[in-house]
Trainee: 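Take this structure, written in C-alpha cells, and hold onto it; I'll ask about it next.
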Amino acid sequence: MSGEQSNLSIQDEISAAILQVLHDAHSQLNCDIPTSLTLERPKNRDHGDYATSIALALSKPSGIAPRKIAEIIVAGLQVRNDIAALEIAGPGFVNITLDKSSQGGVIANILTAGKSFGYGNKLNGIAINLEFISANPTGPLHLGHTRWAAVGDALGRVLSAAGAKVTREFYINDRGVQMDKFGASLQSAALGEPRPEDGYHGAYIDDLSKEIVASNPAVLKLSGEEQTFAFRDIGYKLQLAQQQSVLDKFGTRFDVWFSEKSLYDNGFFMHCQEVLKSKGHVFEDGGAIWLRTTDFGDDKDRVMVKSDGSMAYFASDSAYYISKRERGFEICIYMLGADHHGYTGRLKALAACNGDDPEYNVEILIGQMVKIMEGGEEVKLSKRAGTIITLEELVEKVGVDAARYTLIRYPVDTPMVMDVDILRSRTNENPVYYVQYAHARICAVLRNATDIGIKYGADLIHPELLVHERERELIGALGEFPRVVAGAAELREPHRVARYVEELAGVYHRFYADCRVLPLGDETPSELHSARATLCSATAQVIANGLDLLGVSAPEKM
RNA sequence: GCGCCUGUAGCUCAGUCGGAUAGAGCAACCGCCUUCUAAGCGGUAGGCCGCAGGUUCGAUUCCUGCCAGGCGCGCCA
C-alpha cells in the first residue's frame, strides 16, 4: 500500500475539485450532484488534456443552461495552479489543459511505484473465488478451455491488482459415468479391443493406455471391472497431471484443484442438503430429491438425488457452491462456455435458495465460441472424433505469448476467430508483437543511453521540457493506466488492459518517430535527453506492467 | 416455442455512467532508414454503426419490435 498522496492522480484531484465546486454551488443548482465523476480524455487534442460533460448532464435537473454551469466550474477551477487553460466549448463541455509541470507527477509516480504502478484498492479485501476451465480429467484441454486459461488467468491478475483477495480454482469433474467410460476406453485400447461406442475415441487414449501399462504392468493381470477401475484411476492421475503441466507451461496458475468427488467425503454433501432443506427449498417427488429453483426464476426445478439414489450433476453444483460460501468467498465467479449458458438461471437460483444475493454473490461470465482457421479453412472441433485442437497444439503452433494475447484481447462475449497462419507469422499483423516491440525498442534506447552516459531517473524528469505534442500525449496515456486496470477489474474485462497497452504502444511509436531521445552524433547531452530517456523508462514500466497483467512477456530484445 | 450472445470499413475487431468530426490492426495505394530496433512512422482511400420506431439538447451506446447468424433448453455429465 502506498500512501494517500501518491494514490491520488492529477485527474482524480481535478475531478474531486470539480465535484467540490458543484457542491459549493448546490444552492444555485438545486439538484443532486453526482458522487463521482470521470474526466474524459478527448480524442481531439484541441480539446485539451481532459474534458468533462458534467455541465450538460446537470443542465436538465437544475434547469440551468449548460454553458452557465460550465462557467461556474471554470470559475471554481481558476485558482488551481496545476491547470494551464480552461475552455468552455460547444454546448457546454469544459476542456482542461494541464500545466506542464503537473504532468511530471505521473512519471514520478510510475518510477516510484515500479511494478505496482496501476495497482489500486477498488476491490480491496473482497474475497473472490474465481473458477475457470474446470475440464473433465478425461482428455487434453481443448480450444474452449484455452480461452478461459488465458482470460481467467488474466482476470485473476487484474482482480488482484485491484486489491481483491482472489482464489483461483479448477473444479475437477472426477466423478460419475464419464469417468467409468474413460476407464473402459483406456482398458479396451490396452487390450486391443474395439472402444465402447459411447466412450472416448481420441488418439490420446491409445497413448495414455500405453503409458498406464508401461508404468503399471500389473494392471494387465487384473480383470473385468477391477481392471476398468484401475485404468480409470491411473489414467485420471496421468491425465490430470498432463493438464496441470500444460497449464503451468501456459502460465496459468491455480490455487486450488477442487475434486468433485471430495464433495461426497465425510458427509459434506449431506450437510449441504440439510442446509438447503433448512432454508425450505428442498422437496421430494417421484422418489427423487429436488431443489425448487423455480422459486427464484429458474425455468424448472432441479434434481439433486435421482430416484435410483445416484447423484445428479446438480447435486455437485449445489455442494460446491455451498463449499465456496462456507470457505468465506463473498463473490463466486464462474467462467463458463457458451454451451453452458443455460446454467446461469439455476446457479443464481441456487444462491438464492441458500439465502444469498444472486446478483452480488454469484457472477457468471459466458465465453463465446472460439473458431480456428488454418489454411483459409475452419478447423472443425470434435472431441469425440478426436480431431481436436488442444491447448498444447495451439501453443506449439503460435507460442504462449501470441496465444494468450490473442485470446485475451477480445471481450469474452464475442465469438472469435483465431487465424493460426496469421498468429504464426511474426509480423505485426499480430498485435502482441506491436506491443512487445515497443517495449523492446525502449529497452534498446535505454541500453544505448547507458552506454553513452545519458542518465535518467526520478530526479531527472524535467516536466517543463517535455512540451512536444507527442510527449504530452504519451504522458497523458501513461496516466490512464491505473484507471484502466480498475475498470478492467470492476467490469471483469481484462481485454481492456490489452487494448490499452496497444494504444500506449502506438503512442510511444509515434513519440519515438518525432522525438529524438538520444543525442545525435556529437551533439552535447542535455537535460532534454535525460528527460526523454526518463519518459521512456516510465513507458517501458507501464507496458511491462500491462503485459504482466495479461501473463504475456515483455522482452527486452526482439 | 422460450432463453443467452452477436450484427460497426474489403477482413479480424475496439468503442465504461448517452457526448464534440465513429476508431485500431491487416489488406490496397503513396511516401519516410547517411545516427536511438523500419516487427516502426506519416498520408490517401474505405462507413445508412443489421432494419424500423421510441426516449432527448444529443443515440453506435438506453427501450420496444423485426431480420440474420451462433449457442442452449435431460432424473446426461
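Each chain gets a letter, A, B and so on, in the order the sequences are listed, and its residues count up from 1.
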Trainee: Answer yes if the side chains of Asp401(A) and Gln436(A) hold a donor-acceptor pair under 3.5 Å, and no otherwise.
Mentor: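 A donor-acceptor contact under 3.5 Å links the two side chains.
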Trainee: Report yes if the ring of His495(A) lies under 5.5 Å from the six-membered base ring of A14(B) with planes under 30°, and no otherwise.
Mentor: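 So no, this residue does not stack on that base, at least one cut-off failing.
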Trainee: Indicate the atoms forming the closest heavy-atom contact of Arg195(A) with Gly202(A), along with that distance.
Mentor: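 Shortest heavy-atom separation between Arg195(A) and Gly202(A) comes out as NH1-O, 3.7 Å.
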Trainee: Taking Watson-Crick and G-U wobble pairs with both distances under 3.5 Å, convert RNA chain B into its dot-bracket string, 5' to 3', dots for unpaired and | for cross-strand pairs.
Mentor: (((((((..((((.....[...)))).(((((.......))))).....(((((..]....))))))))))))....
Trainee: Does the side chain of Glu131(A) pick up a donor-acceptor pair with the side chain of Tyr321(A) at under 3.5 Å?
Mentor: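 Distance-only check fails for Glu131(A) and Tyr321(A).
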Trainee: State, to 0.1 Å, how close Ile205(A) and Ser185(A) come at their nearest heavy-atom pair, and which atoms those are.
Mentor: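 Closest approach of Ile205(A) to Ser185(A), heavy atoms only: CG2-O, 3.7 Å.
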Trainee: Quick test of the criterion, 5.5 Å between centres and less than 30° between planes. Is Tyr434(A) stacked on A39(B) or not?
Mentor: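 Not stacked by the 5.5 Å and 30° rule.
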Trainee: Are any protein N/O atoms closer than 3.5 Å to N/O atoms in nucleotides 3-7 of chain B? If there are, list each pair with its distance.
Mentor:
{"unit_1": "G3(B)", "atom_1": "N2", "unit_2": "His341(A)", "atom_2": "NE2", "d": "2.1"}
{"unit_1": "C5(B)", "atom_1": "O2'", "unit_2": "Asp413(A)", "atom_2": "O", "d": "2.6"}

Trainee: State whether the aromatic ring of Tyr512(A) stacks on the base of C41(B), taking stacking to mean ring centres under 5.5 Å apart and ring planes under 30° to each other.
Mentor: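 Not stacked: fails the 5.5 Å / 30° test.
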Trainee: Rounded to the nearest Å, what distance is computed from the CD atom of residue Glu502(A) to the P atom of nucleotide U12(B)?
Mentor: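 In whole Å, U12(B) P and Glu502(A) CD are 17 Å from each other.
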Trainee: Classify the side-chain pair Thr344(A)/Tyr334(A) by whether it contains a donor and acceptor separated by less than 3.5 Å.
Mentor: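 No.
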Trainee: Which residues in residues 520-537 of chain A have at least one heavy atom lying under 4.0 Å from any atom of RNA chain B?
Mentor: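 Hits under 4.0 Å, by residue number: Leu520(A), Gly521(A).
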Trainee: Is the distance from the ring center of His468(A) to that of Phe511(A) below 6.0 Å?
Mentor: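 No, the ring centres sit 6.0 Å or more apart.
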Trainee: What is the separation between atom CG on Asp308(A) and atom C1' on A77(B), rounded to the nearest whole Å?
Mentor: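 It is 14 Å, rounded to the nearest whole Å.
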Trainee: Counting side-chain heavy atoms from CB outward, which of U16(B), C13(B), C36(B) is closest to Val417(A)?
Mentor: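 The listed nucleotide nearest to Val417(A)'s side chain is C13(B).
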